[in-house]
Structures are given as structure tokens and as C-alpha cells.
Amino acid sequence: MEMVLSAAIGVLAASGIWLLLRPRTFQVIVGLCLLSYAVNLFIFAMGRITLGAPPIMPRGGFIDPTAYADPLPQALVLTAIVISFATTALFLVVMIASRGLTGTDHVDGQEREP
Amino acid sequence: MIEENLLLILVGLPFAAAIAASTVRASAHGAAAWVSGLLLAAGLAILALLHAPISDGQVLRSTLHWVPSLGLNLTFRMDGFVWMFVTLVFAIGILVLVYARYYLSKADPVPRFYAFLMAFTGAMVGMLMSGNILMLVVFWELTSILSFLLIGYWHQGQAARDGARMALIVTGLGGLCLLVAMLILGQIVGSYDLDRVLAAGDIVRGDPLYPLVLGLFLLGCFTKSAQMPFHFWLPGAMAAPTPVSAFLHSATMVKAGVFLLVRFFPVLGETELWFFAVTGTGMLTLVLGSVIALFRHDLKGLLAYSTISHLGLITALAGIGSNGAILAAMFHIVNHAVFKASLFMAAGIIDHETGTRDMRRLSGLIRFMPVTGALAIVASAAMAGVPLLNGFISKEMFFAEAADWHNGTWLDNSLPYLATIAGIFAVAYSLRFIATVFFGPEATDLPKVPHEPPSLMRRPVELLVLVCLVVGILPGLTLGPTLNLAAQSVLGADLPYKDIAIWHGFNLPLVMSLVALGAGVALYAALGGRIATGPEGPPLLHRIRAQRVFERILLSLTWKLPRIVHRTLGTERLQPQLRLIVLLTIAAGFVTLWGSLRQAPSPLATGFNPAFALMWAVGAVCAVGAAWLAKYHRFASVVLLGGAGLVTCLTFAWASAPDLAVTQLLVEIVTTVLLLLGLRWLPKRREEIEEDKLLPARIRRARDFVIAVVAGAGLAGVAYVMMTWPLIPNVGDWFLRNAYSEGGGTNVVNVILVDFRAFDTFGEITVLAIVGVTVFALLRRFRPAPESIMLDEEQAGLEDRTLADALLVPSVIMRWMFPVMIVLAAYLFFRGHDLPGGGFAAGVTVSVAFLLQYLAHDVRWVEARLTVLPIRWMGIGLLIAGATGVGAFLFGYPFLTMHAQYVDIPLIGQVPAATALIFDAGVFSLVVGATVLMLIAIAHQSLRTTRMRERDSADTSEKEAA
């Protein structure tokens with residue numbers, strides 16, 4: 001499963017970065033979304049893959065940390081999901097406004113000069 | 001103890017005056033002056049109290065700990081030298097206040113003037129009293145900034161703005177040099193404490209970095225004290241109101257540089273390098289300054305160059321550095337402040353009452369203003385060094401040092417001659433000032449009819465001139481003890497007491513003085529007429545203007561050079577910038593990990609699961625598909641993006657992260673809706689863009705493909721290696737063990753977010769709120785592209801009714817889903833602390849519920865029935881979260897400390913009642929507000945376009961009717 005997940009991270013990141021370097025605003029926004037999936041999965045994977053052991057504790061008693069998934073990357077990723085949602089929304093609005101102001105959806109606000 | 005507090009109060013008083021003066025009404029001239037004056041008078045009273053311990057030879061200290069870890073403390077110290085200087089600042093400050101009260105016109109915004117002036121006084125006093133060399137630089141820079149503000153007080157005038165900017169750039173750059181010098185000095189000594197630095201002279205002089213420190217230090221001092229070649233800012237600064245010129249640019253601020261030279265003489269001085277650099281610069285400035293002063297036609301210009309010249313004299317004395325020279329330097333600091341301040345004030349009175357400062361137009365004023373004339377004559381005589389006035393004695397001491405001091409170098413041998421030449425010119429320009437302005441025929445073409453000023457405006461000048469006389473006649477009795485005390489505090493307590501007297505017998509200095517007086521008068525008699533008709537500046541030299549050189553350098557540095565660099569190296573295009581960022585990131589990762597990344601000895605391996613692999617096969621196809629189609633098939637791309645997101649979400653669920661799965665799923669929904677709403681406003685793209693098929697575009701795509709593949713492969717490799725290393729015990733274990741006992745919740749992820757790391761969450765929701773408001777603000781001024789306003793061809797053929805009918809069944813279902821979703825949100829919210837869910841998930845759920853209503857019906861229908869005030873939701877959410885955090889203070893805990901408890905409610909059972917739950921409610925409310933705000937703001941744009949369309953059609957029908 002590690003192999004599959006790391007390959008998945010690689011594919012997501014590569015697609016995202018390729019789109020990031022493209023000239024149209026919509027491509028960039030999709031690229032950012034894909035890249036954020038990749039990065040979120042990457043951070044999450046730093047807690048290693050744990051199956052069937054979500055970090056939900058019994059009430060009291062002895063706790064063996066190794067029996068549960070690492071909660072810290074999860075908490076970090078939760079924050080990252082929210083922030084990437086916010087940046088996507090902001091970028092989307094900038095994209096719409098720039099399209100209205102400049103009349104083009106090129107990232108530079110003007111078509112490339114030949 | 002009392003003295004320590006008095007020191008702090010002394011520094012605080014001017015700042016308090018600044019705050020008080022800034023709050024009075026703009027027209028309350030008297031109030032602002034009175035408040036400032038009284039507080040300064042209180043400062044003088046404190047100084048009188050401190051005189052007793054100071055005269056015992058004590059050094060008073062007071063320390064406030066500020067950043068102890070950096071060695072940065074607010075230490076104030078006062079010895080005899082500082083006492084003398086601070087008293088000078090306060091005393092002249094009060095006189096300037098009285099003068100300014102009558103000088104400024106009724107229309108000037110007074111609170112600003114007095115506030116700046118008082119803040120400057122505070123900065124100056126702080127600089128003088130700093131016991132920490134870093135803090136000294138801070139106050140030093142503060143005086144530069146306030147000087148900038150005061151020169152630019154009449155910012156309507158171009159000259160004031162230019163002068164202010166030039167002064168700030170020159171003195172500010174000097175201040176930066178001084179900061180670096182102080183940092184190195186502190187490193188050499190091992191402490192930033194002034195006393196320890198002053199005691200470490202031998203270490204500093206022996207250090208290999210000594211020349212560097214000295215160079216930077218002198219740059220700071222010379223720029224501030226207007227030494228050549230940095231003198232040009234001072235004449236430019238004469239655009240300031242005259243009280244400012246009198247206070248800052250003759251009496252106090254420009255003396256800061258020489259103050260520092262004298263202060264640091266025991267540390268940096270007593271070397272050949274010091275002598276040549278300091279005395280050489282000082283003598284150059286002394287001679288050239290006095291020559292140029294003679295040829296200026298502007299009254300204040302003459303005084304400015306005279307100030308430069310006198311500062312050169314003090315600098316030269318500091319460079320000589322013998323006991324007598326240091327004492328003379330201190331004496332001249334005081335004397336020059338007294339006579340030059342009175343001269344500036346007199347010049348201000350002349351300007352004020354006649355309307356001009358041009359000496360070629362002024363003439364015969366003694367008949368109109370006899371008292372002012374008499375005062376100015378006495379002060380000028382002091383400036384020229386006429387016997388029985390204070391300027392004579394310190395100048396005589398300078399001549400004595402110039403003649404006596406012998407280390408045998410060429411500079412030393414030429415000192416007496418240079419000093420005499422400067423003396424001759426000083427006599428000549430003083431004479432010119434008096435002769436042209438007050439004597440001669442009556443001026444006829446003055447803008448105003450001159451008369452005596454209000455008597456209170458003259459009072460400060462009278463007092464200062466009186467001081468000139470008293471000190472000049474009785475130097476030993478008046479200033480003698482103070483000066484000796486000051487010299488002792490710089491040179492050491494065992495310094496022999498030096499008696500200051502007028503008459504030392506018929507000796508060499510007296511001969512030099514007499515030569516200067518005689519030759520000066522002769523010089524003016526020979527040249528006087530020709531100067532008035534000549535250019536503004538001495539022959540030959542007036543063509544070289546340091547100011548113009550400065551402006552040319554400034555122009556090329558701030559305008560031409562950046563443009564050239566930008567043209568050759570920069571780009572305004574986003575793609576190359578992003579490409580550079582990606583490449584640098586790859587390079588950084590590569591450099592860091594090369595050689596240190598290796599396979600674990602016994603790799604972790606979770607069993608291969610074909611379903612998981614299949615799922616990610618689909619996910620990969622979705623991701624690549626989304627990338628492939630994003631240009632020409634946006635809708636398909638959004639759908640595929642959703643697919644990739646869903647697979648990500650399933651992965652979270654699969655690998656024991658239910659919280660992430662829930663959140664990702666909800667965010668996925670909202671993001672997709674957002675993107676769909678945004679699609680409406682993008683240009684149609686049916687035909688392929690011609691350029692895309694050309695070779696350059698293909699090359700670009702191939703290059704980016706390589707970059708993307710390299711980055712993706714690298715990330716995958718790093719991820720794989722990291723994932724197969726066994727997990728070492730980390731902070732996560734602590735969270736797992738203590739989530740229930742400390743945080744009172746069983747869902748560790750949620751406990752981390754709302755309790756252990758609640759501050760991060762607080763910051764995060766603040767970001768969300770800011771984004772929400774920004775989106776709202778951006779869209780308020782939104783202008784859609786003209787083609788987006790038109791109806792689509794698909795829509796144009798259909799009537800509104802048909803559109804409504806098409807969604808009839810789904811819309812009824814969506815309407816009835818509203819209460820269900822609210823209940824679901826409540827469920828997610830309350831179980832959050834113990835089971836997956838929480839405020840964030842619940843908030844997004846509620847906003848999805850709202851969104852569904854917008855989808856099911858049109859905007860107007862929803863808003864007629866349901867009022868959502870997203871800004872209030874956001875505000876209340878942020879307030880609740882903040883209040884929960886602050887609430888912890890009430891119980892004596894740090895910000896955002898949570899309390900957890902379970903409450904027994906009949907029928908329902910144990911319910912968690914942690915304060916974290918309140919915090920989570922804040923998160924919930926804010927997320928609802930921000931998400932709904934963004935969605936509604938975008939959705940509303942269609943309403944606006946409808947209105948624009950209606951207006952357009954109304955316009956066209958009107959035109960047709962016409």
C-alpha cells in the first residue's frame with residue numbers, strides 16, 4: 001500500500017505542477033487543488049499508514065500510543081484542508097475579477113505577445 | 001532609588017508633552033505651547049534636583065529590562081557631560097517654544113508642530129541618556145525621522161519636501177552605518193552596555209576590526225553633524241520653520257554627532273587614524289564652511305554654513321583629543337548653541353517682519369528694529385569671536401590647542417594657519433550679516449514695512465544674548481564647574497581642574513585672534529561690494545554643488561538603475577516566476593536530501609490491497625484527466641477534479657483518519673460548487689487557440705511536462721522512503737495519552753484542534769474570516785466581461801418558466817433536505833469532541849444546506865424567505881472564540897486554556913461540557929459565515945448581470961424609440 005500511496009502522491013503532484021505552469025487561470029486553479037491533495041496526502045503519510053485504528057481513545061485507563069494512528073499529521077492536514085479551501089475561493093474570485101477587468105483569462109491579464 | 005525614577009520621568013516628560021500637544025484643537029496655539037513648556041520646565045526642575053549627586057561625581061543609572069536575552073535593556077544613565085547636554089536641550093527647548101508661539105501663523109496646524117517638536121526633544125534626551133549602545137542608535141534614528149517630519153512641516157512647498165527627504169536619506173544612511181558600527185563594537189567588547197564599552201578602549205583599538213568600526217562610526221557622526229562631504233543636507237533643511245532650524249539644526253540635533261565623537265573618544269580615539277580622519281574632516285569643514293558662508297545671500301543659508309563651519313571646529317577639537325581640546329569642544333558645543341540659536345531666532349524675526357531673507361534686499365533695518373538689531377549684533381560678535389563674549393573664549397581655547405598640539409605630522413603643523421584662515425572668514429561673514437542687514441541706506445522694496453516683533457517673541461533672544469555676555473565675562477564662575485565635571489566624566493575622575501579665564505596674557509592664541517579680527521574686517525571691506533553682485537557661493541566652488549551630485553546619484557539609484565535591472569533580469573509574467581519557484585523547490589529538496597535519504601533497514605509494509613490499488617488507478621486517471629482537459633473542457637475537468645478529491649477522501653477513511661475524510665468530503669462539495677459558479681464568468685473556448693499548435697507552445701509544454709514529472713517522481717520517492725521507516729516516538733504519543741485526561745475528549749484530532757493547539761485554530765479561522773471579507777470586497781466592484789452578461793444560446797431559447805419547471809422535483813427534495821441537514825450539522829457538532837465531526841464539519845454542512853436552497857430556487861426566492869447575515873455570523877464566531885480564550889485569563893490561566901467536564905443530563909446521559917465546546921461553537925459560526933459569504937457573493941453576480949441586461953435592453957429600446 002505504501003507503494004501505491006506514494007505513486008498516487010507523485011501523480012497528483014505532477015498533474016498539479018504541470019497545470020500550475022499553464023497560461024490560463026482556470027488551469028492554475030485546478031492545478032492548485034490537485035497540488036493541495038498531493039501535499040495533504042504527503043503530510044498525512046508522514047504518520048505512516050495505520051489501518052483500522054483511528055485516534056479515538058477509550059475513556060481513561062492505560063493507553064498504548066503505538067496502537068493508534070498518529071493524530072498530529074491528521075490535525076495538521078485538517079487545518080491544511082481548510083486553508084486550501086480558503087485560498088481556492090480567494091483565487092477563484094481574483095480569477096473572475098481579473099477576467100472582468102482585463103477581458104482575458106490569461107494569467108498575465110493579457111495574451112502572450114507573438 | 002528616587003534618582004532612578006527621576007531619570008525615567010525625565011525621558012518620559014517630552015513624550016508625554018508630545019502626546020498632550022497632539023490632542024489639543026488645531027487652533028489652540030497657546031494651550032499646546034503652555035502644556036509643552038510646563039512639562040519641559042518640570043524637566044529642568046528634575047535636572048536641578050539631579051545636580052547634587054552629579055556634582056559629587058556619581059553616575060546615575062536606571063534599567064528597565066526589555067529583551068534581556070539579546071542584551072537589549074532600556075538603560076538610562078547620566079553623568080556630568082550628559083547632564084550638561086540635557087540641560088542645554090531642555091533650556092533651549094523652552095525658549096524655542098516661546099518663540100514658536102509667536103512665529104507660527106494662525107493658519108498653521110499647531111498640534112502637529114508641537115507634538116513633533118516635543119517628540120524630538122524626547123528622542124534627543126533619550127539618545128543622550130542611553131546606557132545601551134543599541135538603544136542609543138534607536139533614539140538616534142528617531143531624531144532623524146522627527147527631523148524629517150519637522151523640516152517637512154510646511155509640506156505644501158517643494159523645497160520643504162526635498163529638504164526633508166534629503167536630510168532623512170543622508171542622516172538615515174549614516175544611522176545605519178552607526179548601527180553596524182555599534183553591533184561590531186558590542187561583539188568586540190562582549191556587551192552592549194555603554195559603561196563596559198567605554199571601559200574597553202584598549203581591546204577595541206587592538207582589534208583587527210578597529211578601522212572598520214571607526215569608519216562606520218565616523219560615517220554616522222559626520223552625516224549627522226553635517227561634516228563635509230555630507231554637509232549639503234543642512235542648508236536644504238533650512239526650509240524648516242525657523243524655530244526648528246534654531247533648535248534642531250543649530251543647537252541640538254546636529255550636535256549629536258559631535259556628542260558621540262566626544263563620548264566615544266576614550267574608546268575609539270587616541271590613534272593616528274582617529275586624528276587624521278576626525279581632525280582632517282573637521283578642519284576641512286571648518287575652513288570651507290566659513291568660506292562658503294561668506295558668499296551666501298540667504299540669511300539662513302549664511303547661518304547654516306556658519307553652523308557647518310562651527311561643527312567642523314568642534315569635530316577638529318574632538319580629533320585632537322587632548323584634555324584641553326575635549327574641554328574646549330564641550331565649551332564650544334554650549335556656546336555655539338547659545339549664540340547660533342539666538343541668531344536663527346533673530347533671522348526668523350527679520351524674515352517674519354520684512355517678508356524676505358535675501359541680504360541683497362535687506363538694508364538699514366537698525367532704524368526700524370533697534371532692539372532686535374542690537375541683539376543680533378552682540379550675537380554675531382560672539383559668532384565672530386570678539387572678546388568679552390562667550391564665542392571668543394572657546395575659540396581662543398581652540399586656537400591654543402591648534403597651536404600647542406604637536407605630534408609632528410603635516411596636518412598638525414598646518415593647524416594654526418588653517419584655524420586662522422577660518423577665523424578670518426568667520427569675522428568677515430559675521431560682519432557681512434550685520435553690515436548689510438542693519439546698516440546702510442533704508443531698504444525700499446521690502447514686501448512688508450518692518451517693525452519690532454511682539455516683545456515676547458524677542459524675549460528668548462534677549463535671554464540668550466544675556467547668556468553670551470555673562471559667560472563671556474565670567475566664564476570661570478558660570479560654566480567652569482559644569483564643564484570640568486563634564487570633562488571628568490569623559491576623560492576620567494582624576495582630571496586636573498582647569499580654570500577658564502578670559503585673560504591668559506599676550507600669547508600666540510591672542511595674536512591669532514587679533515590677526516583674524518583685523519584681516520576679517522579688511523577682507524569684508526575689500527570684497528563686500530563684489531559679493532553682493534556675485535553668484536550664490538564662492539568663486540569657482542559655487543559650480544560644484546554637493547546637493548546636485550546627491551540628487552543625480554539618487555535619481556540613478558532609485559529610478560534608472562532599478563529600471564535597467566528590472567528590464568534585464570525581471571519579468572512581470574506569472575509563468576516564469578512560478579517555474580522558477582518550482583525549480584528552486586526541486587533544487588532545494590534535491591540538495592537537502594541528496595545522500596541522506598536511504599531505505600529503512602527493515603521497511604514497514606502494509607499488505608498490498610488490490611481494491612486500494614484499483615481505487616488509486618481511477619484517482620490517477622482523474623488527476624491526469626483533469627490536467628489534460630482543464631484548458632478546453634472545463635466542466636469535465638471540474639468533474640474529474642472531484643473524482644480525484646473523492647479518492648483522496650476515501651484514502652483518509654481507509655487509513656484511520658475519519659475526521660479528515662468527513663472534512664475533505666464536505667470541502668470537496670463546496671469547492672466544486674464554487675468552481676461551477678465561477679465557470680460562468682470565463683470566456684467561451686470552443687476553437688483551439690491557434691498559437692497552441694505552434695512549435696514554441698509545444699516546446700513549452702514539453703519542458704513543463706519534464707519539470708512536473710521530475711517533481712512528482714521526487715515527491716513520490718521521498719514519500720515512499722519516509723513511509724517505510726518505522727515511526728519513532730513523537731509528540732503525537734503525548735497527545736494520545738493526554739487527550740482524555742487533559743482535554744476531556746476521546747477524539748484526539750479534535751482535542752488537538754480545539755484544546756492543545758487551539759491558538760493555531762484561532763489563527764486559522766481568522767484567516768478564513770479575512771478571506772471571506774476579501775472575497776466580498778473584491779466582488780462588490782466586480783465588472784463582468786460584456787460577453788458574460790449575454791444569455792447563453794442554450795438559455796436564450798428557453799423561457800424562465802421552463803427553466804423553473806425543469807428542476808421542480810429536485811427543488812422540492814432540496815427544500816425538504818434543509819431541516820435534515822441542520823440536524824445532521826448539530827449531530828456532527830456535538831459529537832465532535834469524542835467522535836469524528838466537530839465545529840468545522842458542522843459549519844460546512846450548514847453552509848451546504850443554505851447552498852442547496854440557492855440551487856433549488858433562484859436567489860430572490862431564497863432571500864425573500866431566509867435572511868442570512870454572513871458578516872455577523874463571522875463576527876460573532878470570532879468573538880466567541882476570542883472570548884473563550886480571554887476567559888481563561890479570569891481563572892489565571894494563559895490565553896485559550898480549556899476546561900473539560902462531563903455533565904449528567906437525564907435521559908441523554910453524560911454530555912461533554914468542555915469550554916472547548918464553546919470555542920468550537922465559535923469555529924462553527926465563523927465557518928458558516930465565511931463559506932456562505934463567499935458562495936452568496938459569487939451567486940449574487942448573476943443577479944447583477946440580470947439587472948445590467950435589463951438596463952441594456954431598456955437603453956436600446958429607448959434609442960430605438962428616439
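Side chains are part of it too, since the values below use all heavy atoms of this structure and drop only hydrogens, waters and symmetry mates. Fair warning: this is a prediction, and the values are worked out from it, not measured in the lab. Letters go in sequence order (proteins before strands), and every chain restarts at 1.
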Looking at T50(A), is its backbone amide N or carbonyl O close enough to the side chain of S656(B) to form a donor-acceptor pair, meaning the two atoms are under 3.5 Å apart?
yes

Under 4.5 Å from a heavy atom of chain A, the part of V927(B) involved:
neither

Looking at chain B, which one of V82(A), I17(A), V94(A) has the largest number of heavy-atom pairs inside 4.5 Å, strictly under?
V82(A)

Measuring only between side-chain heavy atoms, which start at C-beta, is I49(A) closer than 4.5 Å to M723(B)?
yes

Which of the residues D108(A), L72(A), L34(A) is involved in the greatest number of heavy-atom pairs with chain B at under 4.5 angstrom?
D108(A)

Return yes if some donor-acceptor pair links the side-chain N/O of E2(A) with the main-chain N/O of A45(A) below 3.5 Å, else return no.
no

Bottom line for W616(B): the part with an atom under 4.5 Å from chain A's heavy atoms is side chain

Chain A heavy atoms under 4.5 Å from F608(B): which part of the residue, side chain, backbone, both or neither?
both

Do R48(A) and D70(A) meet the salt-bridge criterion of a basic N to acidic O distance under 4.0 Å?
no

Measuring heavy-atom distances to chain B, does T88(A) have an atom under 4.5 Å in its side chain, in its backbone, in both, or in neither?
side chain

Select, from W628(B), W654(B), W734(B), F756(B), the one with the greatest count of heavy-atom pairs under 4.5 Å involving chain A.
W654(B)

State whether D105(A) and R634(B) are salt-bridged, where the test is any N-O pair (Lys NZ or Arg NE/NH1/NH2 against Asp/Glu carboxylate O) under 4.0 Å.
yes

Need one label for L92(A): side chain, backbone, both or neither, based on atoms under 4.5 Å from any heavy atom in chain B.
side chain

Contact part of P726(B) toward chain A, heavy-atom cut-off under 4.5 Å: side chain, backbone, both or neither?
backbone

Side-chain touch V638(B)/F26(A), heavy atoms, less than 4.5 angstrom
yes

For side-chain contact (heavy atoms from CB on, under 4.5 Å), just list the numbers for Y37(A) and V647(B), CA-CA rounded to whole Å, side-chain angles, deciding distance to a tenth of an Å, and then say yes or no.
CA-CA 10 Å; Y37(A) 294 151; V647(B) 175; over 6 Å; no

Just wondering, do L32(A) and T87(A) contact through their side chains at under 4.5 Å, heavy atoms?
no

Assess whether side-chain contact (heavy atoms from CB on, under 4.5 Å) is satisfied between Y720(B) and I9(A), documenting all intermediate values.
CA-CA 10 Å; Y720(B) 180 73; I9(A) 292 171; over 6 Å; no

In Å, rounded to the nearest 0.5 Å, how long is the span from CG of L21(A) to CG of L583(B)?
8.0 Å

Let me know if Q577(B) has heavy atoms under 4.5 Å from chain A in its side chain, its backbone, both or neither.
neither

Contact leader toward chain A among T648(B), V582(B), L677(B), L694(B), where contacts are heavy-atom pairs under 4.5 Å:
T648(B)

Pairs of heavy atoms under 4.5 Å with chain B: top-ranked of I29(A), L5(A), L20(A), L12(A)
L5(A)

Once you round to the nearest 0.5 Å, how far does CG of L778(B) lie from CD1 of I96(A)?
10.0 Å

Can you say whether M722(B) sits under 4.5 Å from chain A via the side chain, the backbone, both, or neither, judging by heavy atoms?
both

Can you tell me which of P23(A), A13(A), A97(A) forms the most heavy-atom pairs within a distance under 4.5 Å of chain B?
P23(A)

Part of L674(B) lying under 4.5 Å from any heavy atom of chain A:
both

Using a cut-off of under 4.5 Å on heavy-atom pairs, state which of V39(A), V93(A), N40(A) scores highest against chain B.
V93(A)

Does a side-chain heavy-atom distance below 4.5 Å link V28(A) with L19(A)?
no

Contacting region of N730(B) [heavy-atom separation from chain A under 4.5 Å]
side chain

Do you know which of A86(A), A69(A), P55(A) has the most heavy-atom pairs under 4.5 Å to chain B?
P55(A)

Within-4.5 Å side-chain heavy-atom neighbours: F42(A) and V718(B):
yes

Top contributor to chain A interface from E572(B), R579(B), K631(B), Q664(B) [non-hydrogen pairs under 4.5 Å]:
K631(B)

Give, as side chain, backbone, both or neither, the part of T606(B) having an atom under 4.5 angstrom from any heavy atom of chain A.
both

Can you say whether L578(B) sits under 4.5 Å from chain A via the side chain, the backbone, both, or neither, judging by heavy atoms?
both

If you tally heavy-atom pairs under 4.5 Å against chain A, which of I707(B), V771(B), L679(B), V751(B) wins?
V771(B)

Go through the atoms of L753(B) and report whether side chain, backbone, both or neither lie under 4.5 Å from a heavy atom of chain A.
side chain

Applying a strict 4.5 Å limit to non-hydrogen atoms, the region of R701(B) in contact with chain A is both

Tell me which of these, T651(B), L727(B), V709(B), has more heavy-atom pairs under 4.5 Å with chain A than the rest.
L727(B)

Most chain A-contacting option - heavy-atom pairs closer than 4.5 Å, from A937(B), G712(B), G607(B):
G712(B)

For the aromatic rings, using the six-membered ring if either is Trp, is the centroid distance between W18(A) and F705(B) under 6.0 Å?
no

Sub-4.5 Å side-chain heavy-atom contact between I752(B) and P71(A):
yes

Which region of W725(B), side chain (C-beta onward) or backbone (N, CA, C, O), has a non-hydrogen atom less than 4.5 Å from a non-hydrogen atom of chain A, or is it both or neither?
both

Under 4.5 Å from any heavy atom of chain A - which part of V767(B):
side chain

To the nearest 0.5 Å, what is the distance between CG on L640(B) and SG on C622(B)?
5.0 Å

